[in-house]
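In what follows, chains carry the letters A, B, and so on, assigned in the order in which the sequence lines appear, proteins first and then strands, with residues in each chain numbered from 1.
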2 protein chains.
Amino acid sequence: MLYFLVVTEKKSVERQTQWLRGVLDLAVLALLAESGEDYGYTLVRRLDEAGLPGMRPGTLYPLLNRLDSEGLVRSEWRAGSGGPGRKFFQLTGQGRAVLAEQGPLWTEFAENATAVLERGMNS
Amino acid sequence: MLYFLVVTEKKSVERQTQWLRGVLDLAVLALLAESGEDYGYTLVRRLDEAGLPGMRPGTLYPLLNRLDSEGLVRSEWRAGSGGPGRKFFQLTGQGRAVLAEQGPLWTEFAENATAVLERGMNS
DNA sequence: TTTACTATTTGGCGAGACAAACTAGTATGT
DNA sequence: ACATACTAGTTTGTCTCGCCAAATAGTAAA
């Protein structure tokens, strides 16, 4: 019974991380748009607070570098005030454009998916 | 310029297919809950009508078999009235339980993600 | 018998998320 | 001085799942 609980809980976590696929990068762009700039470590916290928990460094940092090499963000090393150096990221014009273009598409998709699930659950 | 258009359009499509990860199976369970039973070919159409377009047979059929082997649906071959045989799927109790448990989690996740994106877009 | 529509199967590919281990700078308590 | 803990970022190998393409086949209409 405990085993069952553990398994289903693990499965839920795995599923939620699947859900992040494809929208995590938009979420990061959105957080950068909101704060002007930020670095990886605190972005993890902000994602967590925003209800998108469980981000691992091995997920976020490669993503940030990917966004960088795609030109959606730019990065700059700065000395850390208390702690090691930090790589600050900020949105580029291109990044802002992608966010403006893809954000509404996500909203629409999410609404459609939610509608399907709720119709199914109420039958 | 045309090249650019083609590329960004392709990227959008790619992104939307990423969004399906982890929720496509719930959507299929929901459609089966709604209709009692159904088979692959028409599920593609129903997904399309529900705003989750572009499903390929190479995606849906393996998914249905996965759900079958996980015990979330059960399947039965029946002769097709006009056309080849059809493999009908219907929800099991376990499938219904998974839908009831995971569906609300999706709703919550989708709302959180949407909120983050919208805060980002309005700043 | 050719064409078109319906229906399912199979195989290979690739993006990206994970876990885990690693490097390192700073701060705190003893 | 030393151990410990916290902050910060990197690297590597593995796995899932959705994609594309192509094969297989039954039925129906021309």
Side-chain angles (χ1 to χ4, degrees), chain A residues 9-28 37-48 52-70 72-73 75-89 109 113, chain B residues 10-29 37-48 52-70 72-73 75-89 109 113:
Chain A
E9 189 181 324
K10 181 153 186 280
K11 278 213 147 182
S12 296
V13 170
E14 277 167 11
R15 183 180 294 280
Q16 275 167 312
T17 67
Q18 295 278 330
W19 291 339
L20 284 173
R21 270 178 190 260
V23 77
L24 176 58
D25 51 355
L26 292 181
V28 167
E37 65 173 17
D38 207 347
Y39 57 99
Y41 200 77
T42 55
L43 280 171
V44 170
R45 279 209 292 253
R46 293 176 64 200
L47 285 166
D48 194 78
L52 309 177
M55 278 305 307
R56 304 306 173 108
T59 299
L60 184 63
Y61 290 109
L63 166 67
L64 286 168
N65 292 330
R66 211 156 54 234
L67 293 175
D68 198 351
S69 71
E70 285 169 5
L72 306 187
V73 303
S75 63
E76 181 192 350
W77 277 99
R78 282 213 287 282
S81 64
R86 288 150 197 191
K87 203 176 185 178
F88 279 85
F89 295 87
F109 167 82
Chain B
K10 181 155 186 282
K11 277 211 148 186
S12 297
V13 169
E14 276 167 11
R15 183 178 295 279
Q16 278 168 310
T17 67
Q18 292 281 329
W19 291 340
L20 285 173
R21 269 184 184 261
V23 78
L24 177 58
D25 51 357
L26 293 182
V28 167
L29 294 180
E37 63 172 21
D38 206 349
Y39 57 99
Y41 200 78
T42 55
L43 279 171
V44 170
R45 278 209 293 254
R46 294 176 64 198
L47 285 165
D48 194 79
L52 309 177
M55 278 305 308
R56 302 307 172 109
T59 299
L60 185 62
Y61 289 108
L63 166 66
L64 287 168
N65 292 330
R66 213 156 52 235
L67 293 176
D68 199 350
S69 70
E70 286 168 5
L72 306 187
V73 303
S75 63
E76 181 192 351
W77 277 99
R78 282 214 286 282
S81 64
R86 288 151 196 189
K87 201 177 186 177
F88 279 84
F89 295 88
F109 167 82

By side chain to side chain contact (heavy atoms under 4.5 Å, CB included) - contacts of B:Arg46 (at least two apart): B:Leu31, B:Glu34, B:Ser35, B:Asp38, B:Leu43
Whole angstrom value for the distance that separates P of C:dA17 from CG of A:Leu64: 12 Å
All side chain to side chain donor-acceptor pair (under 3.5 Å) counterparts of B:Asp48, not counting sequence neighbours: none
Nucleic acid footprint by protein, nucleotides 4-15 of chain D - heavy-atom cut-off 4.0 Å, B for base, S for sugar-phosphate alone: ---BBBBB----
Test side chain to side chain contact (heavy atoms under 4.5 Å, CB included) applied to B:Arg56 - qualifying residues, sequence neighbours left out: B:Thr59
Atom pair distance, as rounded to whole Å: CD in B:Gln18 and C1' in D:dT16: 12 Å
Nearest-Å distance for atom pair CD/C1', residues B:Glu70 and D:dC17: 12 Å
A:Arg56 side-chain N/O to C:dC18 phosphate OP1/OP2 under 4.0 Å: no
Interatomic distance, B:Leu24 CG vs D:dC17 P [rounded to whole Å]: 11 Å
Closest to side chain of B:Arg66, choosing from D:dC19, D:dC20, D:dC17: D:dC17
Nearest-Å distance for atom pair CG/P, residues B:Leu63 and D:dG18: 6 Å
Between P of D:dC19 and CD of B:Gln16, the distance in whole Å: 11 Å
A:Asp68: partners by side chain to side chain contact (heavy atoms under 4.5 Å, CB included), with sequence neighbours left out: A:Val73, A:Ser75, A:Phe89
Protein-nucleotide distance (B:Asp25, atom CG; D:dT16, atom C1'), rounded to Å: 12 Å
Gap between atom CD of A:Glu37 and atom CD of A:Glu76 - 0.5 Å precision: 7.0 Å
Atom-to-atom span, CG of B:Leu20 to P of C:dG14 - whole angstrom: 21 Å
Under the side chain to side chain contact (heavy atoms under 4.5 Å, CB included) test, residues paired with A:Tyr61 that sit two or more places apart: A:Tyr41, A:Pro57, A:Leu64
